[in-house]
Amino acid sequence: MELETEMETETETIPRKRKGTPNSALETEPDLEIKEPKAKKARLSSILFAENDVITPKQLCELLKYAVLGKSTPEPSWCQLLHQNHLNNVVVFILKGMSQLHFYRFYLEFRFLRKTFRHKFSLPPPTSRFLFNIVGLQRKKLVRGFPRTIKGRSLTSAILKPSINLQNDPIIQKYGCEKVGLMRCLLTKREMETFHFPLQGSPNCENFILTKCDGFITDNSPLFGLNCEMCLTSKGRELTRISLVAERGHCIMDELVKPDFKILDSFTSFSGITEKILNPVPTKLKDVQTLLRQLLPPDAVLVGHFLDSDLRVLKIAELNLEALASREELKAASQETEKKGGPTKPPNMSVLECLDSMGQKLLFLTRDIDELSSSRNCLTIKCSSNKEVLEEAKVEVPLFPFSIVQFSFEPFSPIFADEVKQSMKTKWTEMSTVYAGPFVKNCNIGPLKKMFKSMGPVQSVTLVLETFRPYFCVQYEVLEAAQLAIETMNGILVEGSYIKVRRPVTEFTLECDTLVHELEQDCENQGTIYVTGFGKAFKEHLLEHSSLFPSLEAMILPKDVKSRQQKNYCFLKFKSRDSAQVALEILKGKDWKLKGRHALTPMHLQTWLKDIHPEPAMPSGLQLVPPLLEKHVFQIAEENHPRIVAWRCNRKIEKLYHCLSPGTLCLILMPGTNNTFGLHPGLGLMKIKEEEESDPPGLGV
């Protein structure tokens with residue numbers, strides 16, 4: 001999906017002086033009211049600047065750091081936060097255990113969230129370092145390596161036999177026999193330079209790519225074993241195989257790589273790799289580099305034999321300054337940059353460290369803190385229930401510049417989650433399907449198909465012949481196209497017959513009209529319209545007549561996944577629903593002759609629905625339990641049913657939101673779930689609370 005650059009204008013009304021009046025006086029017409037300059041306020045851009053709307057924890061961290069530090073840190077790469085200096089507070093709500101699946105399955109229950117938060121984005125399934133990656137909250141130190149005992153004996157006594165003298169071992173000589181942390185074992189910058197490691201800015205590394213390892217290294221940072229096999233080509237040594245192993249022994253990457261140049265020596269006696277083996281291999285060095293950048297977390301530590309040689313054959317330069325320099329060096333570098341007028345904080349600082357540098361504390365309210373270590377500038381309040389989290393948040397959140405409020409919920413069981421996923425896909429498929437007819441028996445099929453395709457992208461068209469007169473079953477790719485077909489074609493005269501265009505009546509479409517209405521009222525869809533039926537030059541034509549659409553903020557042009565060709569429909573985002581309605585009437589007029597309606601489906605929902613795949617096979621030895629239908633669950637545990645939980649969660653956030661002061665950046669994060677039975681992506685929502693928002697009286701939870 002291609003996102004066009006946002007078009008944005010700001011105007012301010014300033015009273016003008018009359019000619020000939022002194023500077024100290026301001027004359028106005030008696031019947032004209034002087035308009036004061038409009039006060040600036042912090043606000044988010046109307047659209048996320050990303051080719052796909054999956055936002056990583058690192059990107060969230062970018063936004064939060066910019067919200068805290070402003071222009072002294074790099075701006076976020078995926079969205080715009082305008083007038084950051086007018087931002088008062090930041091509050092992050094984490095709904096632990098919830099995913100995008102929860103939000104769309106119980107969409108009607110999340111009424112406040114969908115009607116308040118215009119900006120929505122997908123999150124990848126979470127890792128155990130979710131909170132650390134976002135704000136820098138550390139997990140408690142875990143025991144590394146193997147179990148401490150082997151059949152009743154300690155691991156040390158089982159391995160270190162008394163007859164072996166280790167005093168001359170270089171490791172023992174350097175670090176001694178006492179237990180040391182990971183930080184003590186890292187190579188210093190001087191050692192790396194001595195052994196000719198490829199470092200950023202070092203000679204002969206100009207064309208090397210940089211890893212994304214730019215996070216702070218701690219004793220809990222993950223280790224990765226790296227090993228490369230290589231061959232000799234006409235251009236020197238080139239990569240033929242790469243293996244990457246996580247610290248607990250899991251192989252996460254093992255790839256054969258085809259060199260770019262002619263092989264002179266395969267070094268088969270060392271690697272076992274021959275030129276014949278490499279002939280059918282499609283993987284190239286650039287593919288490996290891309291994959292490595294995706295796999296390695298920001299604070300990764302590499303372990304290997306002749307690691308400097310492996311990094312050079314990979315043409316990767318280290319960027320992780322924490323592995324090279326002390327914090328004092330970083331501070332000195334940051335001060336030097338500040339003198340030059342650049343960013344004053346290192347870009348790899350965490351949100352927690354940014355707050356610390358400004359003398360501010362972070363508030364963290366949660367039920368689950370046993371796994372988290374404390375921090376000097378983080379006030380952590382442990383609560384016994386979600387209700388207590390709510391009550392504490394009402395009192396404490398207004399007192400802190402940055403707060404994290406975490407509610408904890410039981411994730412869907414694997415069986416229930418699978419049932420919900422399949423029903424969601426079926427529901428959207430049936431909502432996007434229409435039956436049209438009856439047509440005359442000798443109807444001209446070609447023009448009829450063209451008529452239905454003019455409503456939007458068609459997945460399939462089937463001619464139904466089991467009835468007395470033929471009907472068409474049309475499945476559309478997007479819900480808007482199906483709804484447009486129903487609204488504009490139902491009851492029209494086609495080849496002498498008045499046809500009906502309706503959805504199939506099933507259990508999934510019984511409340512379809514209610515859901516469509518609520519989707520139209522979704523805050524994200526309020527100023528967005530769906531337009532179809534244009535040609536390749538539509539974008540240029542629209543820009544040429546931009547004066548007709550002064551409130552146009554962004555244009556979203558979907559492309560075909562395989563052909564990469566632009567499709568004949570788009571979504572246009574405007575500043576308000578009224579502006580969108582005016583634009584829709586113009587586009588449907590006689591000059592443009594297009595079709596369209598108000599948007600119904602957020603982009604990330606479409607992406608998520610297309611990515612739903614069957615779950616992996618169950619491990620051997622396990623029995624499949626018959627599906628427990630949702631209605632039975634509701635009867636067994638009505639109070640704990642996910643529908644009730646979603647409704648209560650929505651109300652808790654609504655109450656807290658109305659306690660926030662204007663100018664507060666508010667993020668709602670449903671992190672998703674990650675377990676043995678499958679991954680469920682998360683969902684994020686964000687908004688800056690404004691002064692003109694009304695605060696309705698709270699209701700009981």
Side-chain angles (χ1 to χ4, degrees), residues 1-13 38 40-53 55 59 63 66 75-84 86-87 114-122 478 480 519-532 534 538-559 566-567 569-588 592 594 596-607 665-667 684-690 692-693:
M1 181 170 297
E2 182 184 53
L3 298 183
E4 295 298 321
T5 303
E6 180 175 79
M7 294 178 288
E8 181 177 356
T9 58
E10 288 187 18
T11 57
E12 295 185 0
T13 305
K38 190 175 181 180
K40 290 184 178 180
K41 56 186 178 182
R43 63 187 181 88
L44 292 161
S45 61
S46 66
I47 190 168
L48 307 180
F49 291 120
E51 290 187 357
N52 60 61
D53 53 357
I55 304 303
Q59 290 174 307
L63 172 63
Y66 188 74
E75 294 187 22
S77 59
W78 57 284
C79 70
Q80 280 189 325
L81 173 55
L82 306 173
H83 308 309
Q84 176 275 342
H86 293 272
L87 199 65
R114 58 185 167 81
K115 291 194 176 237
T116 304
F117 290 83
R118 184 181 183 187
H119 303 277
K120 301 185 183 73
F121 50 88
S122 294
V478 293
E480 286 83 357
L519 284 167
E520 284 185 327
Q521 303 304 312
D522 188 296
C523 189
E524 186 175 358
N525 294 330
Q526 281 293 291
T528 305
I529 59 174
Y530 161 81
V531 180
T532 184
F534 51 79
F538 173 73
K539 180 174 66 174
E540 291 73 17
H541 189 46
L542 185 69
L543 295 176
E544 288 175 5
H545 295 80
S546 58
S547 60
L548 295 174
F549 312 100
S551 297
L552 178 62
E553 293 182 319
M555 175 167 47
I556 303 173
L557 297 167
K559 289 184 177 180
Q566 179 183 316
K567 295 190 176 183
Y569 74 97
C570 72
F571 291 90
L572 302 178
K573 284 182 173 285
F574 295 85
K575 290 184 178 179
S576 66
R577 184 179 178 87
D578 291 340
S579 300
Q581 181 62 40
V582 171
L584 187 59
E585 292 172 0
I586 294 174
L587 293 169
K588 291 166 63 177
W592 293 74
L594 300 175
R597 72 174 322 278
H598 288 281
L600 296 173
T601 316
M603 294 297 100
H604 54 84
L605 173 59
Q606 283 290 344
T607 304
L665 172 62
C666 184
L667 272 78
L685 307 91
M686 62 181 180
K687 177 181 173 60
I688 296 177
K689 186 178 180 183
E690 300 175 357
E692 58 267 24
E693 294 182 43

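These numbers come from a predicted model, not from an experiment.
- For the side-chain contact (heavy atoms from CB on, under 4.5 Å) with F534, the qualifying choice from L594, L587, L542 is L594, the only one to do so.
- To the nearest 0.5 angstrom, L44 atom CG is 6.0 Å from L81 atom CG.
- E75 pairs by the salt bridge (charged side-chain N to carboxylate O under 4.0 Å, His left out) definition with nothing, not counting sequence neighbours.
- Taking all atoms of both residues into account, the shortest heavy-atom contact from L600 to L519 is O-CD2, 3.3 Å.
- R597 pairs with exactly one of E480, E520, E585 by the salt bridge (Lys or Arg N to Asp or Glu O under 4.0 Å) rule, that one being E520.
- F574 approaches S579 most closely through the heavy-atom pair CB-CB, 4.1 Å.
- A perpendicular orientation is assigned to the rings of F121 and W78, their planes being inclined by more than 60° (bins at 30° and 60°).
- Ring pair F549/W592 is perpendicular by interplanar angle, where above 60° counts as perpendicular and below 30° as parallel.
- Electrostatic pairing of E553 and R118 counts as a salt bridge here, judged by a charged N lying under 4.0 Å from a carboxylate O.
- The aromatic rings of H83 and H86 lie perpendicular to each other, with more than 60° between the two planes, well past the 30° mark.
- Between Y530 and F571, the ring planes are tilted. Angles from 30° to 60° get that label.
- Between the CD atom in E540 and the CD atom in E544 there is a gap of 7.5 Å [rounded to 0.5 Å].
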